[in-house]
Each structure stands twice: as structure tokens, then as C-alpha cells.
Amino acid sequence: MIRPQTIADRRASSVLGRADALTKLSIAFVWLIGLAFTTRPGPPLIIAGIALASGLLLGRIRPTDLLRALAPLWLVAGIVVLSNIVFGAANTDPLATEVAQVGPLRITMEALSIATALGLRVVAIASVGAVFALTTEPTRLVDALVQSARVPERFAYGALAAYQAIPRFAEDLTTLRQARRIRGLRGSWHPKLLLGLLVLAIRHGDRVALAMDARGFGSGPRTRYREVHWTVLDLALGVGAVISLLAALALVS
Amino acid sequence: MIRARGFGFEYAGSATPALRGIDFDVAAGACLLVIGPSGSGKSTLALALAGLVPRDLPGTWTGSLTVDGVETRDFGAGALAARVGLVFQDPSRQIVMERVEDDVAFGLEGRGWAREAMHARVPEALRAVALDGAERRFARDLSGGQQQRLALAGVLAPRPGLLVLDEPTANLDPAAARAFLARLAAVRDERSATIVIIEHRVEDAWPLADVILALGSDGAPIAFGTPETVLRDRDRLDEAGIWLPGTVTKPLPRPSESSLPEVSPASPASSRAAAVIEAAAVDFGYEPGHPVLHDVNLVARPGERIALVGPNGGGKSTLGRLLVGLLAPDAGTIRLRDSDPARLPARILARRAGYVFQEPERQFLSQRVRDEILLGLRPDEAAAAEDLMARLGMPLDRFGDRSPYRLSGGEQRRLSLATALIRRPEVLVLDEPTFGQDRLGYEALLEILGEHLAAGACLFAATHDERFAADIATRVIRLEAGVISRDEVVT
């Protein structure tokens with residue numbers, strides 16, 4: 001049985017794909033905490049750029065996949081910027097520099113710069129998050145959480161099962177909506193659908209739990225098929241990440 | 001190996017026992033086939049053997065059921081999992097991990113195997129089910145048949161002393177089912193594990209069995225013994241509605257000459273009756289770049305009974321949903337009489353077309369059986385609904401207040417069929433209608449379908465059940481990889 005290499009396999013075998021999930025998660029946290037110390041637009045822009053570039057080069061993410069993952073987040077960033085421009089507290093400050101007057105609305109330089117900084121922070125978070133999600137298999141994340149971070153197995157494997165059931169829930173919703181239509185009921189987004197979805201989710205959860213129990217889950221100490229260990233790669237990524245954060249913060253000041 | 005003495009079980013909150021008075025012995029390495037009508041407690045027996053009843057599903061236990069001399073209800077969870085492997089009907093409900101090898105290893109990890117031993121055992125278990133080389137593939141990308149073999153590899157990997165399979169081939173197309181049973185036969189021939197298999201499709205499972213246990217609809221045993229001795233009691237088993245090898249069912253009578261299409265089913269010009277459904281050059285995919293159906297053309301007339309056959313994933317269910325306007329084609333046209341079914345208002349569509357989904361549970365819209373069957377009906381149709389449910393063996397005075405989700409699989413299927421039949425639609429699409437039906441349920445279904453179709457309705461049935469296809473179809477359409485590979489009138 002010859003298997004074509006899937007896009008997911010390509011990413012999993014990349015530098016970022018082979019790195020420990022916890023390393024990547026820690027880098028993301030350190031970056032985002034570092035960005036909290038600045039309101040200038042430069043650092044988040046640089047961090048976002050580094051994240052996207054390493055996702056494409058080190059993570060072997062296809063540009064189209066990356067764009068698709070980021071699409072909804074651009075929208076969020078846009079909303080953050082707009083609402084901060086319009087509703088920024090600085091707009092009511094008489095000392096602030098006025099840039100424009102739109103009807104009753106006064107827009108100031110200060111509100112504009114805060115809005116930009118916040119928007120760029122969202123862009124940075126989105127970029128880092130998307131690259132993390134696209135280069136980290138849920139299984140590897142669960143392994144890292146259980147083995148390195150000592151997260152309880154019941155919780156970690158439960159979350160994995162729930163994650164894997166997401167496509168199933170989407171199908172449940174589609175089927176229930178079609179079932180309503182063929183029975184002549186109007187309103188394909190009726191609130192009653194929620195009840196049906198909930199019943200199906202609970203029943204699916206029960207069955208998966210039963211199947212896991214039948215395969216010896218939670219019956220004693222588990223051994224590990226996939227061992228999680230840190231390598232030079234993780235060290236290199238970590239050092240690189242800290243240096244780029246410091247550089248980003250220093251460069252712009 | 002297995003010994004049952006006066007064993008019985010009653011689920012908490014249930015009025016009647018699921019199993020009662022069960023006595024049997026199975027020697028180590030032997031294969032036991034459990035047969036019985038729907039609702040006879042077969043699955044409960046599987047859960048009891050695996051120690052999941054009453055540990056996970058509470059209830060009252062009577063008598064004794066032992067594996068290797070130990071009562072299964074007394075097994076600690078770990079001790080039991082080490083001895084018993086359980087394969088369920090639906091592979092998507094037992095595959096836990098994303099990648100094939102991780103899933104096979106899941107059971108080994110739970111039993112505390114050393115890493116080196118696991119890395120040696122996983123490829124071995126995959127080879128035993130003819131999935132070698134698939135280690136790093138995503139389980140979700142496998143076909144239904146491959147997924148079920150993966151599930152088998154997962155439970156075989158820890159070398160259980162007892163292997164319990166609850167209708168393992170029910171979701172598979174005939175070829176995949178035979179491939180699965182062939183792997184199981186190889187396991188049996190090694191005689192390293194005792195096997196208990198529950199099957200409706202007895203024709204294929206019968207040759208595997210050393211002993212057979214037949215259960216009645218009340219959960220009490222009817223017969224136990226070797227395949228030959230059990231068949232001596234054939235009349236009693238037939239009476240209980242159990243499928244047996246060589247059971248003969250009565251096919252639906254051919255429709256009268258005038259309602260049959262005249263010549264080729266694909267050519268609309270040469271027909272007598274006007275088409276009720278027409279699909280022309282239909283393309284469809286759920287996501288861009290992954291076509292599910294390509295260039296599908298068909299014309300169906302009143303009275304035609306069409307079996308949609310072909311492997312899992314061939315596009316049968318998708319075609320069915322397109323024909324009754326639950327999906328809209330990406331390209332091409334579909335006409336239901338003079339209208340585009342996807343654009344019809346629900347109220348009108350529901351009177352002209354019926355659709356019964358493959359998994360009844362996913363189509364229930366009410367919390368009580370009575371509400372489910374009456375949903376969307378006019379008040380004057382209530383009496384007919386009551387009548388139909390009674391004929392399907394589910395009278396509303398007994399079943400009306402029960403939850404649809406708590407019915408047996410066979411009962412759920414009949415309720416879902418009733419919701420479509422009650423509207424007397426002129427196009428009826430059924431997705432695996434005979435799934436999990438015992439012989440009595442099957443015969444009732446055939447009879448009611450026959451009456452409905454005699455009135456001139458057009459039937460599409462997506463089915464893996466070769467018997468059903470032979471019993472009902474006037475025409476067989478085979479879908480493979482989204483393309484019609486065969487379309488012929490059968491006589």
C-alpha cells in the first residue's frame with residue numbers, strides 16, 4: 001500500500017512539525033507577553049512577520065493554507081482597529097491632536113495610534129496561533145501535555161476525542177437540518193436543532209468513552225508509544241525566538 | 001473459557017430484562033456465533049462479556065457469567081481489558097487516535113506494554129488485518145472496510161484471550177464485509193483467541209462458528225449447540241424471526257407491464273410514463289477539488305424500484321440527497337416533476353419526496369416516538385400514523401411515550417421509515433433501509449413498501465443488502481467513485 005504524502009505529512013516532517021509542541025507553545029507565550037510591554041506598532045509587526053516566514057519556510061505550510069487559516073482573523077483585527085479609532089477615549093480629550101472631523105465624530109492622532117497598536121497585536125497573535133495550529137498535530141500536543149506538562153490523561157485524551165468529533169458534529173447539524181426540510185418544517189436554523197445536537201453529542205461521547213474503556217483506558221498506568229523529548233532543535237528554536245523578540249523590542253525603540 | 005449459568009441482566013430503568021436464563025459453555029479457541037431478532041439482548045451479552053455491563057451501564061445482574069473462571073463483573077477494569085477485546089458495529093466510534101499506528105498502540109499503552117514491544121507488535125497486528133504499510137496514514141482517510149479492519153487490529157494487538165465482535169460487518173459493503181470476515185477466519189484458524197461474534201449477516205459468518213447461541217425476542221435462549229444441531233430446530237428459529245443460512249424471502253411482485261419503462265432506462269424519449277425524476281449532467285462535491293459525483297444522468301418513472309449499489313464512499317447517499325432537493329448540484333440539473341427540488345419550499349417538498357437517512361438517530365427531531373411520527377402531519381393523518389406504527393410492530397399505546405433514542409437499532413430504523421412512508425410521497429429515497437433488521441422486520445418492511453409502491457411511487461434504495469436489492473429492485477444503478485458504472489433494468 002503506497003501512500004501519497006499528504007499536506008499534513010509534509011508539515012509534520014518539517015522543522016516546526018518535528019519540534020516539541022510545548023516548545024512552540026512556550027515560544028508563543030513568551031512572544032505575546034513580550035509584546036504586552038510595548039504599544040509601538042513595530043514589534044508586533046516584526047513578530048508577525050517572523051512567525052509567518054518561519055511557518056512558510058520552517059513549517060512548510062502552503063501559502064494558500066496559511067491565508068485561509070488567517071482570513072477570519074484579519075477580519076477581527078480590522079474590527080478592533082475600526083472600533084478603537086471611532087470609540088477611542090482619546091477622541092474626547094481636548095488636548096489630543098485632531099486628524100479629522102467626520103460629522104459629529106472627532107478622530108485624533110492618539111486614538112489612531114492606539115488602534116493601530118492593538119490591531120497589530122491581534123495580527124501578531126493570529127499569525128503565531130495559525131502557524132502553531134498548522135504545524136502541530138493534536139496527537140503531538142496531547143503527548144507533550146501529558147508527558148512534559150503532566151496534564152491529567154483523562155482531560156487530555158478527552159479533549160483529543162472532542163477535537164476529533166468536530167467534523168462529526170458538523171455532519172450532525174447538516175443531517176438534522178436536512179431532516180427538518182424533508183419533514184416540511186420551515187426555518188432551517190430553528191433553535192430546536194440545538195437540543196438534537198446536544199443529545200447526539202452526549203450519545204457520541206458516551207460511545208467513545210465506552211470504546212476507550214473497552215481498550216483499557218484508565219485501567220492502570222499507561223506506557224508511551226510516542227516518546228516526547230527535547231532536542232537541540234527545540235533549544236535552537238527557543239533561543240532564536242527569544243533573540244528575535246528582544247531584537248524586535250530593541251530595534252524599534 | 002466462557003461459562004454462563006442462569007445469566008440474566010436488566011438495565012436500570014428498564015421494565016423487562018435484556019437477557020434471562022442464559023446457559024452455555026464455550027471452549028478456549030472456539031468460535032461462538034450469537035444470533036437473534038432485534039432487541040433480543042445480543043449486544044448486551046457482548047457488553048457483559050467485555051465487563052462494560054454493569055461497570056459502565058448499570059443494571060441488575062443475575063446468575064453467573066465467567067471468563068477464565070472469573071465473573072466478568074468482578075474483573076478489575078485493567079484485568080478485564082487485558083483479556084477481552086471488543087469490536088463494535090461502527091468503526092468511527094472506536095477509532096480513538098488520528099494516525100493508524102497510534103490507534104493500534106492505544107490499547108497497548110493502556111495495558112502497560114513496554115515501548116520496544118509495542119513497536120514490534122503494531123506492524124504485526126496491522127499485517128494480520130492486511131493494513132501493513134498504512135502505519136502513518138490518517139484513520140479518517142481509510143475506507144469504511146479498512147477502518148473496521150483497523151479496529152480489529154487495535155483489539156487484536158494486545159493478544160486478548162477473548163475477542164467479542166458486535167455486528168462488525170453491518171456498516172460495510174459486501175466486498176469489504178467478506179474481506180473483514182476472511183481476516184477474522186484467519187484469526188480463528190490460529191485458535192489463539194476465543195471468538196464471540198454477533199451477526200445478522202449469517203450467511204457469511206455461519207462457516208466460522210463452532211457453536212451457535214440463538215436468543216429469542218424476550219432475551220431467553222432458544223437454542224444452543226453446533227451449527228448442525230441448532231438447524232434441527234429450524235422452525236422455532238424461523239418463528240422467532242431469525243435470519244438463517246438459506247432463508248428465503250418473498251420478492252416484491254413485478255410491477256404491471258404498463259408501469260415499466262419501455263426500453264433503455266437512460267433514454268427519456270422512448271418512455272410511456274412521464275419521468276418523475278430527471279438528473280442531467282449532475283456534478284457535486286462537498287468541497288472544491290474533491291468531486292463526489294460526476295456527470296450523473298438518470299431518468300426515473302413512477303413505479304420504478306431502483307437499487308443504488310456500489311462500495312462505501314461511491315456517492316450513493318449524496319445522489320439520494322440531491323434527488324430530493326436536500327443538496328443542490330454544482331453543475332447540471334435535477335427535476336422533480338416540473339420543479340427543481342432544491343428550490344421547493346419545505347412544506348411542498350415534504351409531500352412529494354421522502355428521505356430516510358442511514359443513521360436513524362441523526363434524523364430524529366423529537367424527544368418522544370409519538371411526537372416524532374406526528375411531526376408536521378395534518379391532524380386528519382394522525383389515525384393513519386397510529387395504524388402504520390402498529391403494523392410496524394410499534395403500537396403508539398406502548399411506544400408513543402418512549403424516547404426515539406432509547407429504541408433498539410431495528411426499532412429506530414422502522415420509526416424513521418414510518419416518518420417518510422406516512423406522507424405517501426411519489427419519490428421515496430431510503431438509505432440502507434434493512435440495516436439491523438431481523439427477518440420479521442424485513443418482511444414487514446417489504447410488505448409495507450410494496451403497498452406504497454403499488455400506488456405508483458418511485459423508490460430509490462441505497463443498499464449493501466444484496467438480498468434486499470434482489471427482492472425489490474426493477475432496476476440497479478451502480479455508483480463507483482462518483483460515476484454511474486452500471487444502470488440496467490432487472491427482470
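Atoms considered below: every heavy atom in the structure, side chains included; atoms not considered: hydrogens, waters and symmetry mates. Below, chain A is the first sequence line, B the second, and so on; all start at residue 1.
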Using heavy-atom distances under 4.5 Å, tell me whether [X] contacts chain A through its side chain, its backbone, both, or neither.
| X | result |
| --- | --- |
| Gln358(B) | neither |
| Val356(B) | neither |
| Phe138(B) | side chain |
| Arg321(B) | side chain |
| Pro341(B) | backbone |
| Val104(B) | backbone |
| Ile348(B) | neither |

Contact class of [X] relative to chain B, heavy atoms under 4.5 angstrom:
| X | value |
| --- | --- |
| Gln178(A) | both |
| His190(A) | neither |
| Leu195(A) | side chain |
| Glu227(A) | both |
| Ile182(A) | both |

Please find out if less than 6.0 Å separates the ring center of Phe217(A) from that of Phe106(B).
yes
Check this for me, if you would: do [X] and [Y] make a salt bridge, where the nitrogen-to-carboxylate-oxygen distance has to be below 4.0 angstrom?
| X | Y | value |
| --- | --- | --- |
| Glu109(B) | Arg215(A) | no |
| Glu359(B) | Arg203(A) | no |
| Glu361(B) | Arg207(A) | yes |

Without swapping roles, check the side chain of Arg115(B) against the backbone of Arg224(A) for a donor-acceptor pair under 3.5 Å.
yes
Hey, is the main chain of Arg183(A) close enough, under 3.5 Å, to the side chain of Arg423(B) for a donor-acceptor pair?
yes
Taken to the nearest 0.5 Å, the spacing of Arg168(A) CZ from Arg362(B) CZ works out to 4.5 Å
